[in-house]
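Below is one structure, written out as C-alpha cells; comments come after it.
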There are 2 protein chains.
Amino acid sequence: MNIGAAAKASGVSAKMIRYYEETGLIPPAARTDAGYRVYSEQDVHMLRFIRRARDLGFSVEGINELLGLWRDRSRQSADVKRLALAHVADLRRKIAELEEMAATLETLASACHGNARPDCPILSELEAPGEDAKRPAHASSARGLSRFGAA
Amino acid sequence: MNIGAAAKASGVSAKMIRYYEETGLIPPAARTDAGYRVYSEQDVHMLRFIRRARDLGFSVEGINELLGLWRDRSRQSADVKRLALAHVADLRRKIAELEEMAATLETLASACHGNARPDCPILSELEAPGEDAKRPAHASSARGLSRFGAA
DNA sequence: GATGGGGCTTACAATCATGGGAAGGTCAAG
DNA sequence: CTTGACCTTCCCATGATTGTAAGCCCCATC
C-alpha cells in the first residue's frame, strides 16, 4: 500500500505520516525500489491508533508514550490509566481557563447595552481592569495575571 | 520610557511589543536619536488593553478589531458586544470539544482496572474505536471523525 | 577618560502540528 | 509513448511566543 492509500485508510494525511516518520513517532516505512513508502495493514492499524489519540487531544509527545505502552506486551494497565488521567487533568485545566474567560466576557457583555451609543463596560474593563466603568480610571499598579497560550 | 519599562508596566514582554509593532497591531513607537523606542503613558495604557484582551483569549486579529473600536469615539457598543459574544461562542465551542475528549477518556479510564495486568480498554478503544474490548477486533471501515487542531 | 554591566537594536531560529506548493521521478492505463 | 495521478524531497507559512547572537548605547564608578 502506498502512502496515499494508507492515509485514506487511516485518516492521517500523507503529509502527517511523513512528518511522524521524520520526527521518530513511527519507524521509517519500507520502500520500493523507486523509493515509494510501503505500508502494511499493521502500519495502518498504528496510524489509526495515532489518529484516534490525536482526536482525544493527546500531543504527539503523549501519543509517543501511548504507543510505547501499546507496543509493550508486558505493560501495566495502571500506566495507561495514569497517562490517560493525567491528560484528562490537562484538559480540565484548559477547560477551566477557557470557561473563566467565557464567563468574564459574558458578564461584561450582559452589562453592555449593545446599542448605538459608544459607552461599553467591555472596553472599560479592558482599559482598566477591576475599575468601575463610571469613574475616569487611571490605573497603574503592576498586576500578575495568569497568562497562558490562548489555547 | 524605554521598551523594558513599558513592558514591565504593561505586562507585555518587550519581545511581544516589538512583534505587535512589526505586525501593525500597534503604531511604530517614537525613537530616540540612538534608535531606542520611547513609550508614553498612553502607549502603556494601550499595551495593557492588549494584554488584558489576550488574557481573555482574544487572538491578535480579534484584538485588532477591539482596538479599532476602542479608538473609535463614534463606535456603537452593539459592535463591541457582538465581537465579545462571538468570541464567547468560540470559547464555548472549544470548551465543548475539550469536554467531550475529557469525558470520553474518563469513561475509558474508569473501565480500566489500573493494575499490573496489560489489558486496558483505553488502548483497545484507540486500536479499534467503538468495538468491545473483549472481542479480537479487526476493524477496517473508513470513518470521518471531527478533527480539530487539538486546542 | 576608560571600563563594565545592563539595556537596547536587529535578525534569525525554534517551538507545535499542519497545510501548501514547487520541481522532479514513477507508475499504470490508454 | 503520452498522460495523469501518484510519489519523492525541500522549502515556506501559519500564530504567538521565546531564545539567541552580534553589536550599539547609556550610565555609573573608578
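Model, not experiment: these values are computed from the prediction. So that the names make sense, note that chain A is the first sequence line, chain B the second, and so on, each numbered from 1.
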Could you list the protein-to-nucleotides 23-25 of chain C atom pairs, N/O on both sides, closer than 3.5 Å?
{"from": "C/dG25", "atom 1": "N2", "to": "A/Y36", "atom 2": "OH", "distance (Å)": "2.7"}

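To the nearest angstrom, C1' of C/dG6 lies 15 Å from CD1 of B/I3. For the pair B/Y19 OH and C/dA11 P, the interatomic distance rounds to 16 Å; values are reported in whole Å. In this structure, CG of A/N2 is placed 7 Å from P of D/dT8, rounded to the nearest angstrom. In this structure, B/R51 places its CZ atom 15 Å from P of D/dA16, rounding to the nearest Å. Look at CD on A/E21: it is 17 Å from C1' on C/dT18, rounded to the nearest Å. Following rounding to the nearest Å, B/D33 (CG) and D/dC24 (C1') show an atom-to-atom distance of 14 Å. One can place CE of A/M1 at 15 Å from P of D/dC6, the figure rounded to the nearest angstrom. When rounded to the nearest whole Å, the span between CE of B/M16 and P of D/dG19 equals 13 Å.
Distance from the side chain of A/R18 is smallest for D/dT9 among the nucleotides D/dT9, C/dT9, D/dT17. For B/S59, taking side-chain heavy atoms from C-beta onward, the closest of the listed nucleotides D/dT9, D/dA16, C/dT9 is D/dA16. The side chain of B/R54 lies closest to D/dT17 when the candidates are C/dT18, C/dT10, D/dT17.
Between D/dC7 and A/R37, no contact under 4.0 Å exists linking OP1 or OP2 to a side-chain N or O. In terms of phosphate contacts, A/T32 brings no side-chain nitrogen or oxygen within less than 4.0 Å of OP1 or OP2 of C/dT26. Between B/R31 and D/dC25 there is no side-chain polar atom (N or O) within less than 4.0 angstrom of OP1 or OP2.
Crowding of A/E106 atom CD: a count of heavy atoms from other residues, nucleotides or ligands under 6.0 Å exceeding 12. In this structure, B/E100 places its CD atom where only 12 or fewer heavy-atom neighbours from other residues, nucleotides or ligands lie under 6.0 Å away.
The main-chain N or O of A/R31 is never found under 3.5 Å from a side-chain atom of A/R37 such that the two would form a donor-acceptor pair. With hydrogens and angles ignored, the 3.5 Å screen pairs a side-chain donor or acceptor of B/S77 with a backbone N or O of A/N115. In this structure, the side chain of B/R48 engages the main chain of B/A9 through a donor-acceptor pair within 3.5 Å.
Qualifying side chain to side chain contact (heavy atoms under 4.5 Å, CB included) partners for A/L67, counting only residues two or more places apart in sequence or in other chains: A/L25, A/M46, A/F49, A/I50, A/I63, A/W70, A/R71.
Classification of A/K94 and A/D90 as a salt-bridged pair fails, no side-chain N sitting under 4.0 Å from a carboxylate O.
The shortest heavy-atom contact between A/A102 and B/R92 is CB-NH1, 3.6 Å.
Test A/L66, A/V80, A/D55 against B/L126 for side chain to side chain contact (heavy atoms under 4.5 Å, CB included) and you get one pass: A/L66.
Under the 4.5 Å side-chain heavy-atom criterion for ILVMFWY residues, a single connected hydrophobic cluster contains both B/F58 and B/Y19.
In terms of position on DNA chain D, the residue among B/K15 and B/Y20 whose nearest nucleotide sits closer to the 5' end is B/Y20.
A rotation axis mapping the C1' atoms of four pairs onto the next four is fitted at both ends of the helix from C/dG1-D/dC30 to C/dG30-D/dC1 over five pairs, and the angle between these axes is 30° to 10 degrees.
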